[in-house]
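The block underneath contains the structure these notes are about, expressed in structure tokens.
Residue numbering restarts at 1 for every chain, and letters A, B, ... go by the order of the sequence lines. Given the structure is predicted, the values throughout are model-derived calculations rather than measurements.
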Amino acid sequence: MGAAWLGAWPEEWAWPGEGAWLDTALSSLSVAPEGAGLSGSGRGVGRRGLRGSCSRRGCGTRGDGRLRGVNPWYQVSFGLSASHAVDANPEHPGAVPTPGPALAEGTRGGRWGLDAACGAASLRARSQRVDPAPRTAMEKMARVSTALGGNTLTGRTMFCHLDAPANAISVCRDAAQVVVAGRNIFKIYSIEEEQFVEKLNLRVGRKPSLNFSCADVVWHQMDENLLATAATNGVVVTWNLGKPSRNKQDQLFTEHKRTVNKVCFHPTEVYMLLSGSQDGYMKCFDLRKKDSVSTFSGQSESVRDVQFSIRDYFTFAATFENGNVQLWDIRRPDRYERMFTAHNGPVFCCDWHPEDRGWLATGGRDKMVKVWDMNTTRAKEIYCVQTIASVARVKWRPECKHHIATCSMMVDHNIYVWDVRRPFIPSAMFEEHKDVTTGIVWRHLHDPYFLLSGSKDSTLYQHIFKDASQPIDRANPEGLCYSLYGDLAFAAKESLISSDSNRKPYIGDRRHPIFFKRKLDPTEQFEYISSSSALSVFETDVESGSMDWFVHTAKQYALAGRPLAELCDHNAKVAKGLDRNQVAQTWTMLRIIYSSLGTVSSTNLNHSMGKGSTTLPLMNSFNLKDIPSGLGSESRLDRSKGESRTENILMDSSSTLINNEDNEETEGSDVPADYLLGDVEADEDDLYMMDHENPHAEEQEYSLPQEAFPLRHEIVDNPSALDHLQDKADSPHVSGNEAETVSLTPVESFSLISISHSLYENRLPSDFFNPIVRDTLLFYAEQGDVQTAVSVLIVLGDRIRKEIDEQTQEHWYTSYIDLLQRFQLWNISNEVIKLSTCRAINCLNQASTTLHINCSNCKRPMSNRGWICDRCRQCASMCAVCHHVVKGLFVWCQGCSHGGHLQHIMKWLETSSHCPAGCGHLCEYT
Amino acid sequence: MGSPEPSSPHGGGGSGGGNGRRCPFRAAGGRLGAAFGILQEGIESSRRQLLIEAFVSAGRVDNITMVMGLHPQYLSSFWKTQYLLLRMDGPLPYHKRHYIAIMAAARHQCTYLVGLHMGEFLQAGGNPAWLQGLHCAPQKLRNLNEINKLLAHRPWLITKEHIEALLKTGEHSWSLAELVQALVLLTHYHSLASFVFGCGINPEAGQDGGHGCRPPSPHSDSSPTAEDSTGCSGGRDAVREVEALMERMQLLRDSQREEEGVTQEEMATRFEMEKTESLLVAPSDVTEHALQSGVLCFVEDPEFGYKDFTRRGEQAPPTFRAQDYTWEDHGFSLINRLYPDVGQLLDEKFQVVYNLTYNTIAMHCGVDTSMLRRAIWNYVHCVFGIRYDDYDYGEVNQLLERSLKVYIKTVACYPEKTTKRMYAQFWRHFKHSEKVHVNLLLLEARLQAALLYALRAVTRYMT
């Protein structure tokens with residue numbers, strides 16, 4: 001049973017809508033053992049102290065700028081996009097880690113800080129408190145005595161065997177005797193120091209009648225000779241122990257037609273007895289009369305419990321099988337005063353609070369215990385405890401305002417004592433019974449430490465509170481949970497978290513009742529576990545909910561214009577920078593998969609391309625010249641010049657050539673130039689030192705400098721571009737020299753190079769991995785990350801295109817483009833459209849290409865195809881130099897407002913400083 | 001609606017009706033067309049809605065649904081439960097559910113249900129080889145045979161050892177959740193078999209051995225005897241019977257207020273008397289039932305049948321006290337824990353059927369029938385050994401005439417022996433729909449009784 005509660009406790013922290021995608025987040029979460037220092041906090045991990053809420057983030061957030069959710073044993077440090085968090089929380093400058101007291105307190109070990117706030121509890125109690133763990137048998141047997149006015153209750157945990165299963169028990173007012181009733185048992189036991197002693201068997205007669213078959217029993221709290229039982233055959237029987245005869249049966253009320261479920265004496269009236277039956281009626285009896293005084297009809301089936309209010313003389317509560325609770329005035333049998341639905345399904349029991357007169361606790365088949373405040377006009381549910389089985393009985397614990405004992409109808413045999421304010425874990429638990437507990441009763445009205453119980457397992461127990469097991473000892477006192485949005489909630493005992501002064505002010509502010517700090521009540525012996533906890537929510541990334549990663553990724557991804565390996569590397573880096581490790585990993589994998597394959601064919605391609613090129617020498621020199629000297633490529637060229645120099649040059653230029661020829665390739669200009677060439681190069685150097693006999697590896701470096709100069713964007717008609725692309729056998733984007741890229745990344749180990757060469761280059765066909773890659777893309781798309789799917793699709797181009805059916809591709813493209821446009825990333829969306837190989841997508845660019853022109857004179861739209869305005873019969877925007885219509889760029893002087901073709905004006909102003917229109921203005925052209 | 005052809009000349013059917021016997025369903029069968037007419041006119045719109053729903057979800061409206069449709073309120077509850085049991089998420093795979101249904105129905109040689117679920121079984125992708133017989137089914141299902149047998153005929157013999165044996169870890173062991181679903185399925189189909197025989201439901205046209213449907217007449221003014229040309233004297237007798245019943249009910253109501261002198265001992269003996277008497281009401285005209293070979297392959301130990309547990313005091317288990325293990329408190333709590341949704345639906349179904357009333361008795365309106373209903377319910381439970389402390393079993397004697405008792409006992413305990421004569425003989429002046437109502441009470445009471453025994457065993461196993 002303990003396990004069930006252990007399971008229940010962390011649920012306190014469960015986020016609604018669990019099931020977040022946490023792939024990347026989880027991978028970067030690390031748990032450091034104690035003493036490892038507050039590594040996470042210094043980096044400004046996004047955090048907000050949030051207290052008193054288990055609901056969604058945002059409730060009651062309060063930035064106190066401190067990662068102090070440090071428990072004694074573990075601290076959680078995590079760097080989920082730390083930079084973002086800092087950006088997002090500029091209002092918390094005080095992010096100074098203060099490791100001192102919290103850690104110090106935490107290190108004391110596995111027990112809660114027990115002595116922290118013991119208050120005025122007695123010394124004896126305190127000694128029990130200090131270490132409940134090594135409870136020995138000796139201790140268990142130790143007698144507990146409590147002063148109760150004049151008399152003193154003493155005893156120990158003990159039990160006795162009954163002859164038959166018990167259905168109900170009740171105690172005498174003096175707490176010295178208990179009556180046990182069941183189908184085949186009806187006995188009175190006296191409670192001695194060490195044991196129960198059978199005092200009286202009320203079940204007399206050779207063949208006891210059904211009147212002895214008790215569903216319920218109650219002992220009068222004023223007259224200790226008076227008992228009442230409810231029989232399963234519908235009879236209410238009273239018993240007078242003062243009778244001299246063996247049969248103590250006093251009166252018999254056979255008014256109910258069905259089983260009587262409950263009987264109840266009035267707390268202050270000696271002769272008033274109330275019964276509730278399966279037939280739906282409640283009857284009030286005056287024991288001095290033969291018949292019932294009044295009958296109350298619940299207008300519904302089966303009354304399950306009736307209870308007189310302890311303070312309200314005339315009021316009683318009745319619970320019903322249909323889930324309703326009714327309040328009645330004993331003087332008005334015609335109609336109930338109030339009714340409300342308390343549970344889903346039968347309400348098995350109820351109990352009025354002994355002190356607080358407005359409170360009524362109910363327990364139902366729906367496994368709930370609810371506490372209702374009846375003072376208001378509408379019954380208000382103020383507490384709710386969820387148990388693990390139908391609740392058969394509830395009994396408020398004397399002298400403890402918030403404690404209530406419950407037992408179950410089925411399956412679960414334990415007795416729990418709950419603090420209703422802490423509904424997730426019982427504050428005490430009695431596990432002695434082997435079958436369901438059917439009756440529980442506190443031994444004395446004013447003693448909270450003795451509990452008696454009867455069970456179907458035919459035993460009667462006295463439980464001593466100090467022997468109760470405390471589920472909280474076994475519960476994990478910290479809760480940790482991710483939310484849907486990747487936020488992390490962490491809860492721990494308050495004292496472990498908030499021992500520094502900065503935090504204190506927030507303790508007072510508690511909007512949510514689940515986490516609270518309680519003033520320790522000296523009368524509550526087992527209050528030593530403070531149930532106050534603090535919840536911290538660490539928002540990994542405030543923007544994670546917004547789609548900033550999407551925008552960043554879209555802006556930074558390189559989709560074309562460079563060798564595949566580079567594109568992959570770059571994109572991996574981008575993804576990693578945004579803490580999307582899985583995506584980064586995917587890019588890296590793609591590079592390894594594809595850039596080591598198909599070497600032969602791509603090299604061939606390069607040769608053929610290179611041959612036909614006329615601009616080769618020019619481009620080549622241009623390239624070499626522009627390589628930053630600091631990169632050290634020269635030296636590498638020297639190193640490798642022996643056998644492959646010319647080829648290298650050829651290769652490089654050919655790749656450049658492709659870029660120029662093919663507009664698809666020119667998008668490199670979008671890529672930020674801050675790609676860290678230096679790092680890569682340095683590693684390459686290291687590699688080359690050891691890898692001289694591998695000349696192929698060096699071909700790589702010539703493609704790198706490409707990004708150093710932005711290539712001019714050419715306007716090419718699109719359909720032709722499409723054909724163009726398809727004509728080319730292999731990658732449209734890249735030269736074939738990416739084959740050896742594997743060896744060039746900093747992360748690759750040296751050994752991998754040789755493996756990849758020997759393994760992939762020769763044996764595996766280039767499309768060997770295609771199905772896997774396809775599945776990867778489908779996975780991403782299904783995850784909602786269509787961005788990755790489309791980006792990979794574009795970068796890999798023909799390598800993967802045929803693996804995925806056109807419709808899917810088109811669907812991805814349209815989704816991605818739609819997303820981009822929603823984020824107003826027009827350029828990127830256009831780029832994607834251009835790069836897409838789907839005809840349907842490509843066509844998007846060709847829709848609505850009309851430009852509407854207004855006449856520069858009359859400002860009316862030019863409806864004609866020509867350049868003469870219909871209305872004013874004039875040519876619009878004439879060039880001042882050549883007097884022709886300017887159809888392209890029009891440059892004009894802001895001083896005189898004359899202008900014309902850009903080139904004409906340029907030329908004109910080279911020779912003259914006056915306006916070509918002859919207006920005499922001294923135009924300036926800069 | 002994909003309904004079967006109404007009425008066929010064959011009157012015999014599976015329940016062993018004699019040739020010369022006048023069949024009460026016969027006339028009703030002819031009126032089925034009229035029933036559809038009414039349906040289409042939308043007079044009983046709720047019922048119609050239900051049937052449409054049933055048709056849409058199952059692809060057919062079987063005769064059970066048609067007959068139950070006389071009580072739409074119940075039908076919707078029944079349908080929901082059966083739908084959950086067979087077609088919603090649950091621990092057992094779909095084809096096994098149908099196979100369990102076959103096993104259960106076969107215990108009562110209910111060819112109708114067996115045939116129905118053989119088709120469903122194949123549709124759910126079950127292995128056709130299993131249909132050759134129980135010996136071809138996996139061991140795990142065969143292990144269920146013992147408990148199936150007990151539940152069908154002598155549920156009081158189920159002990160926690162039976163549960164233990166099934167749950168014992170091993171290659172063919174059951175999980176608790178699976179077992180609970182299987183138990184519910186078994187009891188559901190045992191009692192459904194009772195209903196099928198009790199109402200004389202025959203296979204539909206499309207089915208093997210189908211003879212068309214002959215549900216009792218839904219017509220409100222008809223009563224079997226009205227058309228039954230048993231002569232006007234018989235008719236008058238029947239009317240007199242109804243009047244007598246009304247009188248007795250009134251008498252009981254009155255006497256309850258006065259009668260307090262009955263000792264508890266007497267109450268106890270009344271129950272025992274009722275139990276013992278139920279032995280005597282065993283159908284006398286039962287010809288030795290011919291076991292049907294087509295169904296027999298799903299049955300082991302076919303001779304095992306209902307046995308009166310009080311007979312000669314041999315192996316007489318203690319009477320089950322209803323108050324010690326009630327459905328509302330214990331059964332529900334357990335089942336809701338192990339097979340969550342079904343508990344709620346069963347609970348609802350029990351409540352619907354227990355409270356179902358139209359306040360009519362034959363030609364009388366505005367009658368409180370709760371007493372009668374309770375008597376039937378408790379009598380069924382009594383037959384299975386469940387005793388209510390707060391019930392005076394003398395009432396059963398007063399309210400249920402002997403022919404009705406014979407009928408109830410037969411349908412509840414050995415439904416395959418039900419004959420049309422039994423159906424015709426009780427409550428001769430009552431409407432068919434009222435007789436179906438009795439059958440519904442029977443079905444649910446039997447289901448609950450068997451479930452209580454089974455769940456009690458599970459509870460004992462768990463503690």
Side-chain angles (χ1 to χ4, degrees), chain A residues 164-165 167 182-184 205-215 230-235 252-261 277-279 290-291 301-302 304 321-322 344-346 348 364-367 388-392 408-413 433-436 438 455-457, chain B residues 176 252-253 255-271 318-338 340 343-344 347-348 350-351 354-355 370-371 374 378 387-393 395 455-456 458-463:
Chain A
N167 275 348
R183 173 174 293 285
N184 296 312
R206 202 179 308 133
K207 202 179 175 200
S209 79
L210 273 178
N211 295 347
F212 289 102
S213 166
C214 305
T232 50
N233 61 354
V235 179
L252 218 60
F253 301 100
T254 50
E255 297 191 24
H256 284 294
K257 291 198 193 92
R258 305 283 307 269
T259 299
V260 178
N261 287 317
S277 158
Q278 197 77 10
D279 61 12
K290 269 197 76 182
D291 294 317
E301 42 181 326
S302 310
R304 298 308 299 243
E321 204 147 85
N322 59 8
N344 180 16
F348 287 139
R365 195 172 71 179
D366 59 359
K367 307 179 189 173
I388 56 172
S390 323
V391 181
S408 315
M409 181 69 86
M410 278 290 287
V411 188
D412 182 16
H413 311 155
H433 285 299
K434 303 282 183 293
D435 201 340
V436 283
T438 47
S455 161
K456 282 244 154 113
D457 65 3
Chain B
L176 198 51
L252 272 174
R253 254 191 294 272
S255 70
Q256 257 177 2
R257 291 193 190 111
E258 303 151 16
E259 179 194 14
E260 277 158 25
V262 185
T263 65
Q264 300 310 309
E265 290 73 19
E266 199 179 322
M267 296 289 266
T269 41
R270 279 183 192 175
F271 173 75
T319 302
F320 188 120
R321 301 297 193 102
Q323 272 87 352
D324 287 352
Y325 199 97
T326 63
W327 164 257
E328 286 81 14
D329 298 1
H330 307 93
F332 177 88
S333 297
L334 181 70
I335 218 164
N336 217 31
R337 188 185 181 87
L338 298 171
Q344 205 68 50
D347 196 39
E348 188 190 313
F350 289 141
Q351 274 184 28
Y354 197 83
N355 296 323
S370 60
M371 193 181 278
R374 191 168 167 216
N378 285 355
R387 175 181 173 192
Y388 289 86
D389 285 344
D390 54 359
Y391 188 69
D392 175 7
Y393 285 85
E395 279 184 27
L455 291 176
R456 189 178 64 166
V458 173
T459 309
R460 285 185 176 160
Y461 164 79
M462 288 172 74
T463 46

I'd like to check A:Arg304 versus B:Asp329 (side-chain heavy atoms, cut-off strictly below 4.5 Å). Are they in contact?
yes

In the structure I gave you, are the side-chain heavy atoms of B:His330 and A:Val436 within less than 4.5 Å of one another anywhere?
no

From [atom1] ([X]) to [atom2] ([Y]), nearest 0.5 Å:
X: B:Gln344; Y: A:Asn344; atom1: CD; atom2: CG; result: 5.5 Å
X: B:Asp324; Y: A:Ser213; atom1: CG; atom2: OG; result: 7.5 Å
X: B:Arg321; Y: A:Thr232; atom1: CZ; atom2: OG1; result: 6.5 Å
X: B:Met462; Y: A:Asp412; atom1: CE; atom2: CG; result: 10.0 Å
X: B:Glu328; Y: A:Met409; atom1: CD; atom2: CE; result: 10.0 Å

How close do [X] and [Y] get, counting heavy atoms only, and between which atoms?
X: B:Asp389; Y: A:Asn233; result: O-CB, 3.1 Å
X: B:Leu334; Y: A:Val411; result: CD1-CG2, 3.9 Å
X: A:Met410; Y: B:Tyr325; result: CE-OH, 3.7 Å

Could you tell me whether B:Asp347 and A:Arg365 make a salt bridge, using a distance below 4.0 angstrom between a side-chain N and a carboxylate O?
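Yes, charged N to carboxylate O under 4.0 Å.
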
Contacting region of B:Thr459 [heavy-atom separation from chain A under 4.5 Å]
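The side chain, not the backbone.
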
A:Arg258 versus chain B, the contacting section by heavy-atom distance below 4.5 Å
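Both the backbone and the side chain of A:Arg258 come within 4.5 Å of chain B.
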
